[in-house]
Number of protein chains: 2
Amino acid sequence: MDKLAKVIKNHRKKAGLTQKELADLSGLGKTVIFDIEKGKETVQFNSLIKVLNALNISLNVSSKLMENEVTINEKS
Amino acid sequence: MDKLAKVIKNHRKKAGLTQKELADLSGLGKTVIFDIEKGKETVQFNSLIKVLNALNISLNVSSKLMENEVTINEKS
DNA sequence: TCATTTTTACTGCTAAAGCAGTAAAATCAA
DNA sequence: TTGATTTTACTGCTTTAGCAGTAAAAATGA
């Protein structure tokens with residue numbers, strides 16, 4: 001979860017956004033952005049998806065039982 | 001989100017688990033398992049991770065800004 | 001250095017997620 | 001078909017995530 005936090009913070013920085021700006025862009029409150037980047041585990045999956053979409057980050061699942069990886073969110 | 005629901009349901013079936021069994025295995029209530037497989041978007045990220053770990057499904061992020069994909073949960 | 005911006009952290013409050021219990025509907029297996 | 005299992009769906013109840021507001025700490029930059 002900490003890894004995800006770092007990825008998100010990194011992308012936000014590279015996009016030149018403040019936490020507040022990312023919050024507005026994602027349609028969320030600033031608190032959640034802060035919490036996510038802090039690595040808080042108990043956030044809504046929905047909130048995470050909104051942030052990932054705003055930052056154009058793909059979320060994928062894979063396993064030994066699957067031939068191909070599957071992308072969960074729709075932004076590329 | 002619907003895609004994720006199908007992946008999870010599929011893996012559960014292949015593992016020969018009922019929703020209740022997966023719930024216990026994940027340390028969650030049966031309601032959440034049902035909700036997740038129904039494609040409910042407003043579930044705790046934490047809950048999802050627990051289910052994915054129980055089913056040995058990797059959750060990964062990727063983007064154009066990243067060279068390599070990053071795995072979020074620790075189970076392979 | 002000093003002012004401005006940003007981040008971190010805390011506060012109640014409100015909305016809702018998660019829970020077990022129950023029961024009907026659906027699925028499965030003998 | 002028939003009985004047992006599983007899934008779907010709904011019920012209150014409890015816990016808590018998310019919210020804005022505020023302010024201190026940290027970072028930025030002129």
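The chains referred to below are lettered A, B, ... by the order of the sequence lines, with proteins before strands, and numbering in each begins at 1. No experiment lies behind these values; they were computed from the predicted model shown.
Taking for each of Lys13(B) and Val43(B) the nucleotide of DNA chain C with the nearest heavy atom, the 5'-most of the two is the partner of Val43(B).
Evaluation of atom-type donor-acceptor distances gives no pair under 3.5 Å for the side chain of Lys30(A) against the base of dG18(D).
Between the C1' atom of dT6(C) and the NZ atom of Lys38(A) lies a distance of 17 Å, rounded to the nearest Å. To the nearest angstrom, P of dC28(C) lies 16 Å from CG of Leu17(B). Atom NZ in Lys20(B) sits roughly 16 Å away from atom P in dT8(D) (whole-Å rounding). Atoms CG (Leu28(B)) and C1' (dT15(D)) sit 15 Å apart, rounded to a whole Å. Between the CG atom of Leu48(A) and the C1' atom of dA17(D) there is a distance of 14 Å, rounded to whole Å. Between Asn46(A) atom CG and dT16(D) atom C1' the separation is 17 Å, expressed in whole Å. Per the geometry, CD belonging to Glu37(A) stands 18 Å off P belonging to dA26(D), to the nearest Å. Distance Lys9(B) NZ to dT27(C) C1': 11 Å, rounded to the nearest Å.
Contacts of Thr31(A) with the nucleic acid, taken as non-hydrogen atoms under 4.0 Å apart, include base atoms.
Across all non-hydrogen atoms, the minimal contact from Leu28(B) to Lys50(B) is CD2-CD, 4.0 Å. In plain terms, the two heavy atoms of Asp2(B) and Lys38(B) that are nearest each other are OD1-O, 4.3 Å.
Minimum atom distance to the side chain of Thr42(B) is reached by dA17(C), of the listed dT6(D), dA17(C), dT8(C). Closest to the side chain of Lys40(A), out of dT8(C), dA17(D), dT8(D), is dA17(D). The side chain of Val32(B) approaches dG18(C) more closely than any other nucleotide in the set dA9(C), dT7(C), dG18(C).
When the side-chain nitrogen and oxygen atoms of Lys50(A) are compared with OP1 and OP2 of dG18(D), none of them lie within a distance under 4.0 Å. Within the 4.0 Å cut-off from OP1 or OP2 of dT7(C), at least one side-chain nitrogen or oxygen of Arg12(A) is found. Taking 4.0 angstrom as the limit, Gln44(A) places none of its side-chain polar atoms (N or O) nearer than this to OP1 or OP2 of dA17(C).
Taking hydrophobic clusters as Ile, Leu, Val, Met, Phe, Trp and Tyr residues chained together by side-chain heavy-atom distances below 4.5 Å, Met66(B) shares a cluster with Leu59(B).
Ionic pairing of Glu37(B) and Lys6(B) is not present here: no N-O contact between side-chain nitrogen and carboxylate oxygen is shorter than 4.0 angstrom.
At least one side-chain heavy atom of Lys40(A) sits less than 4.5 Å from a side-chain heavy atom of Thr42(A).
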